Protein chains: 2
Amino acid sequence: MKKLATITCCAPGAPPLKPKEFESLSARFKAIADPTRLAIVNRLASRDAACVCEFNSLGLSQPTISHHLKVLREAGLIEVAYKRGTYFFYRLVPEAVEALAFALGGAPQPELVLATAEGTVAR
Amino acid sequence: MKKLATITCCAPGAPPLKPKEFESLSARFKAIADPTRLAIVNRLASRDAACVCEFNSLGLSQPTISHHLKVLREAGLIEVAYKRGTYFFYRLVPEAVEALAFALGGAPQPELVLATAEGTVAR
DNA sequence: TCCTTCCATCGATGATTGTCGATGTAACGT
DNA sequence: ACGTTACATCGACAATCATCGATGGAAGGA
């Protein structure tokens, strides 16, 4: 079972980090530090899963969307939920987003932990 | 009095955002999505304030450090705490970091709010 | 078997960004 | 007034990145 790193870096009182940790952390922040990828994540956040074709509405070419999905995938922020025919459905990886929030000093929200563990529905 | 935007974008259940909000949010994420700037923020997180000269130990030229400080300053993540002679002391802006954590779904930590209001010491 | 659709990968290109040396500016000491 | 120190700004350059058209592969339908 792979455990996500839970490093705090930027909140008041955060302990000093090592150079390698800055590298890996900033790499994951780079993944969301783009308007298009933020929009993709935002859409996935409000659905269980979304088809790739749904992102056509972002007004970018198909290869570009595919590129951004790859970046987010390699950062561990999203993953392929399932395929249906030639349609790919992506889903958010809440633990990964939460790990980034934690790095910035945000406390994990109890509902989110629950939602992650059970599989659905906070609120 | 300027109020910091408290937008949630990436946690499960986050509401859909507007294009402009993706722009401004990603702009602030870009600020911390760099190893050097992350190291700067990390150092400021463990001190009340730090002299610019202290960042020489990062192994970069003085203009480069100055550039990164500017990026962080314009993102609102840090600010000049005070000047003493020709020495500049920077300090973290905890509310700004917290706003980013909130955007990722992290709940604000009560201690941090306290620390911000009082001026010191969580834990 | 052939065609179509959905998505990934490749290669190229223009834009953004991190980095540095050179220069400017403000404050201090002599 | 002069030199020195700390920091900012400018200009240049190399590296990274977002974007697109072209191509490839997999799955389904006729």
Side-chain angles (χ1 to χ4, degrees), chain A residues 19-20 22-44 47 49-92, chain B residues 19-20 22-44 47 49-92:
Chain A
K20 284 185 184 176
F22 292 124
E23 290 290 343
S24 68
L25 249 185
S26 68
R28 289 188 285 167
F29 275 123
K30 274 196 178 84
I32 54 168
D34 176 273
T36 301
R37 292 195 287 268
L38 219 44
I40 291 176
V41 169
N42 180 245
R43 287 207 187 184
L44 290 179
R47 291 165 180 69
C51 174
V52 172
C53 58
E54 191 173 337
F55 299 120
N56 290 339
S57 58
L58 292 176
L60 293 172
S61 73
Q62 178 264 323
T64 299
I65 294 295
S66 196
H67 163 70
H68 286 306
L69 289 173
K70 184 180 183 181
V71 172
L72 289 170
R73 208 188 323 132
E74 290 179 343
L77 292 168
I78 67 174
E79 62 188 3
V80 175
Y82 55 89
K83 309 177 188 180
R84 189 161 295 170
T86 59
Y87 291 80
F88 282 58
F89 289 80
Y90 276 83
R91 122 181 89 207
L92 199 64
Chain B
K20 284 184 184 177
F22 292 125
E23 289 291 343
S24 68
L25 249 185
S26 68
R28 288 188 285 166
F29 275 122
K30 274 196 178 83
I32 53 168
D34 176 272
T36 301
R37 292 195 288 268
L38 218 45
I40 292 176
V41 169
N42 180 245
R43 288 207 188 184
L44 290 179
R47 290 165 180 70
C51 174
V52 172
C53 59
E54 192 173 338
F55 299 120
N56 290 339
S57 58
L58 291 176
L60 293 171
S61 73
Q62 177 266 322
T64 299
I65 294 294
S66 195
H67 163 70
H68 287 306
L69 289 173
K70 184 179 183 180
V71 172
L72 288 170
R73 208 188 323 133
E74 289 179 343
L77 292 168
I78 67 174
E79 62 187 4
V80 175
Y82 55 89
K83 310 177 188 180
R84 188 161 297 170
T86 59
Y87 291 80
F88 282 58
F89 289 80
Y90 277 84
R91 126 182 85 206
L92 199 64

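Computed from a predicted structure; not experimentally measured. Protein chains get the first letters and strands the later ones, always in sequence-line order, with residue 1 at the start of each.
A straight line from CZ of A/Phe22 to P of C/dG18 spans 16 Å, rounded to a whole angstrom. Atoms CZ (A/Phe88) and C1' (D/dA26) sit 8 Å apart, rounded to a whole Å. Counting to the nearest Å, the C1' atom of D/dT16 and the CD atom of A/Glu23 are 14 Å from each other. At whole-Å resolution of the value, CG in B/Leu72 and C1' in D/dA8 are 15 Å apart. The nearest whole Å value for the distance from the OH atom in B/Tyr87 to the P atom in D/dC7 is 7 Å. Rounded to an integer number of Å, the gap from A/Asp34 CG to C/dA15 C1' is 13 Å. Taking atom NZ on A/Lys70 and atom C1' on D/dA18, their separation rounds to 14 Å, with Å as the unit. Here the P atom of nucleotide D/dT16 and the NZ atom of B/Lys30 are 17 Å apart, to the nearest Å.
Contact check of residues 51-68 of chain A against DNA chain D (heavy atom, cut-off under 4.0 Å) returns A/Leu60, A/Ser61, A/Pro63, A/Thr64, A/His67, A/His68. If you check residues 74-82 of chain A against DNA chain D, you find no residue with a heavy atom closer than 4.0 Å.
Every residue two or more places apart in sequence or in another chain that forms a side-chain hydrogen bond (donor to acceptor under 3.5 Å, both in side chains) with A/Ser61 is listed here: A/Thr64. With sequence neighbours excluded, the residues satisfying ring pair (Phe, Tyr, Trp, His ring centres under 6.0 Å) with A/Phe89 are A/Tyr82. Here A/Ala39 pairs with A/Leu58, B/Phe22 under the side chain to side chain contact (heavy atoms under 4.5 Å, CB included) rule; sequence neighbours left out.
Between the CG atom in B/Leu92 and the CG atom in B/Asn42 there is a gap of 10.0 Å [rounded to 0.5 Å]. Taking CZ of B/Phe29 as the start and CG of A/Leu38 as the end, the distance is 6.5 Å to the nearest 0.5 Å.
Contact annotation for A/Tyr90: backbone-only contact, meaning every heavy-atom pair under 4.0 Å involves sugar-phosphate atoms and none involves a base. Contact annotation for A/Lys83: no contact, since no heavy-atom pair falls under 4.0 Å across all strands.
Sequence neighbours left out, the pairs with a member in residues 79-92 of chain B that pass salt bridge (Lys or Arg N to Asp or Glu O under 4.0 Å) are B/Glu79-B/Arg91. Listed by first then second residue, pairs satisfying salt bridge (Lys or Arg N to Asp or Glu O under 4.0 Å) with a partner in residues 62-77 of chain A number zero, not counting sequence neighbours. Listed by first and then second residue, the salt bridge (Lys or Arg N to Asp or Glu O under 4.0 Å) pairs that reach into residues 51-64 of chain A are A/Arg47-A/Glu54, sequence neighbours excluded. Within the structure, the ring-ring contact (aromatic ring centres under 6.0 Å, His included) test picks out no pair touching residues 53-81 of chain B (sequence neighbours left out). For residues 29-38 of chain A, no residue pair satisfies the salt bridge (Lys or Arg N to Asp or Glu O under 4.0 Å) rule, not counting sequence neighbours.
For the side-chain contact (heavy atoms from CB on, under 4.5 Å) with A/Thr36, the qualifying choice from A/Val71, A/Leu60, A/Leu72 is A/Leu60, the only one to do so.
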Nucleotide by nucleotide, 5' to 3', does protein get under 4.0 Å of the base (B), only the sugar-phosphate (S), or neither (-) in nucleotides 25-30 of chain C, counting heavy atoms? --BS--
